[in-house]
Amino acid sequence: MLDKWKMDVDDTIDSAIENKRNNEDDEIDLLEIFYALKKKLLLIIAAGLLAGCISGVFTQVAITPVYTSMSSLLVLSKETTLTSLADIQLGTSLTNDYRVLIESTPVLEQVIENLDLDMTADALRGSITIDNPTDSRILEISVVNTDPEMAKEIVDEIANVSSVFIGDKMEVIPPKIIEVGKIPTVRSAPSVKKNAVLGLMFGAVVCAAIITVFTIMDDTLKTEEDVTKYLGISVLASVPDRKDYVHVKGKRGKKRR
C-alpha cells in the first residue's frame with residue numbers, strides 16, 4: 001500500500017512538472033523573472049563592473065592608440081574680391097572639387113614620396129578625413145596615425161602638396177593654408193572610457209540573460225502557489241524552514257554536554 005502511494009505521488013509530481021513545462025512554453029511569467037533579477041541584482045552589478053574593468057584595461061594595454069592632427073585650407077576663387085557674394089558662392093562650390101583633388105592619387109603619391117612613407121596611396125587615403133563646415137570656404141583636413149608627430153607631418157605635407165596641385169590643375173589661386181597641424185597629445189581612439197562603459201553594459205546584460213534563461217528553465221515547485229497552480233490541489237499544511245531553530249538547539253545541546 002505504501003509503495004503504491006509513493007508511486008501515485010511520484011506520478012502526480014511528474015505530471016505537475018510536465019504541466020509546468022507546457023505552461024512555460026505558452027507563457028513566460030515576467031513577474032517571476034523580475035523577482036529573479038532583483039534577487040541577483042548584486043551579481044549583475046558585479047558582472048558588469050568586472051566586464052567594464054576588463055574592457056578598459058584591455059583597451060588601455062592591448063589596443064594601439066591613434067592620434068589625429070588637423071590642417072585647414074581657405075578656398076579662393078580666381079577673382080580677388082573676397083567680400084562679393086558671387087566670390088563666396090564660387091568658393092563654396094569649389095570645395096567639393098578640391099576635396100576630390102586632395103584625395104587624388106597623384107597628391108597622395110607625392111606626399112608618400114616626400115615623407116618616404118611605407119604605405120600605399122589607398123592606405124594613406126583611408127587615414128584622411130576632409131570636412132567642409134556649412135556655408136564656409138574652409139576645408140579641414142584630418143589625418144590619423146599611431147605616431148602623433150607623424151600625423152602632424154602627413155597632414156602638413158598633404159596641405160602643401162594639394163595647394164600647389166589644385167592651383168596648377170585648376171588654374172586658380174591656390175588654397176591658402178590658414179592653420180597647420182599640431183602634434184596631438186590626447187589619443188583620438190580608442191576611447192578607454194567608452195569601451196569601459198560598453199563592457200559594463202555588456203557584462204550586465206549577459207549576466208541578466210543567463211539568470212533569465214535559468215529562471216525560465218527551472219521546473220521545480222518552490223512555493224505553495226506553485227503546488228496549487230500546477231497540481232490543481234490545495235495545500236493542507238506546510239512545514240516551515242526552521243534552520244535557525246535547529247542551529248540554536250544544536251548549540252544548547254553542546255552546552256549541556
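Residues take their numbers from the sequence shown, with the count starting at 1.
- Considering only heavy atoms from C-beta on, T68 stays 4.5 Å or farther from V143 through its side chain.
- No side-chain donor from either of T129 and S142 sits under 3.5 Å from a side-chain acceptor of the other.
- Residues V107 and V144 fall into different hydrophobic clusters, defined by Ile, Leu, Val, Met, Phe, Trp and Tyr side chains chained together at heavy-atom separations under 4.5 Å.
- Of all non-hydrogen atoms in T59 and S55, the two that sit nearest each other are OG1-O, 2.8 Å.
- The minimum heavy-atom distance between L124 and I128, with the atom names listed, is O-CG1, 3.2 Å.
- E103 has its side chain within reach of I130: a pair of non-hydrogen atoms, C-beta onward, lies under 4.5 Å apart.
- Closest of all the heavy-atom pairs between S69 and P184 is CB-CD, 4.3 Å.
- Open room surrounds CZ on F202; 12 or fewer heavy atoms of other groups in view lie less than 6.0 Å from it.
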- request: Applying side chain to side chain contact (heavy atoms under 4.5 Å, CB included), run through N132 and R99 and close with a yes or a no.
  value: CA-CA 9 Å; N132 174 222; R99 187 197 305 266; 3.5 Å; yes

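- Cluster membership check: I102 does not share its hydrophobic cluster with V164, using side-chain heavy-atom separations under 4.5 Å among Ile, Leu, Val, Met, Phe, Trp and Tyr.
- Taking the side chain as every heavy atom from C-beta outward, S162 and L101 never approach each other to under 4.5 Å.
- Counting only heavy atoms from C-beta outward, the side chains of N145 and E153 never approach each other to under 4.5 Å.
- Cluster membership check: L73 shares its hydrophobic cluster with F165, using side-chain heavy-atom separations under 4.5 Å among Ile, Leu, Val, Met, Phe, Trp and Tyr.
- In summary, of the residues considered (V161, V155, I154), a side-chain contact (heavy atoms from CB on, under 4.5 Å) with I158 occurs for I154 alone.
- The cluster map of Ile, Leu, Val, Met, Phe, Trp and Tyr, joined by side-chain heavy atoms under 4.5 Å apart, puts I211 and I45 in different clusters.
- With hydrophobic clusters built from ILVMFWY side chains whose heavy atoms lie under 4.5 angstrom apart, L108 shares a cluster with I177.
- Proximity of I178 to I138: side-chain heavy atoms (C-beta onward) are separated by under 4.5 Å at one or more points.
- Within the 4.5 Å cutoff, the side chain of I63 has heavy atoms near those of the F58 side chain.
- Side-chain contact of T105 with R125: a donor-acceptor pair under 3.5 Å is present, judged by distance alone.
- Counting heavy atoms of neighbouring residues, nucleotides and ligands inside a 6.0 Å radius, atom CD of E149 does not exceed 12 of them.
- Closest of all the heavy-atom pairs between E157 and N114 is OE2-ND2, 2.8 Å.
- The two residues P190 and P65 come nearest to each other via the heavy atoms CD-CA, 3.9 Å.
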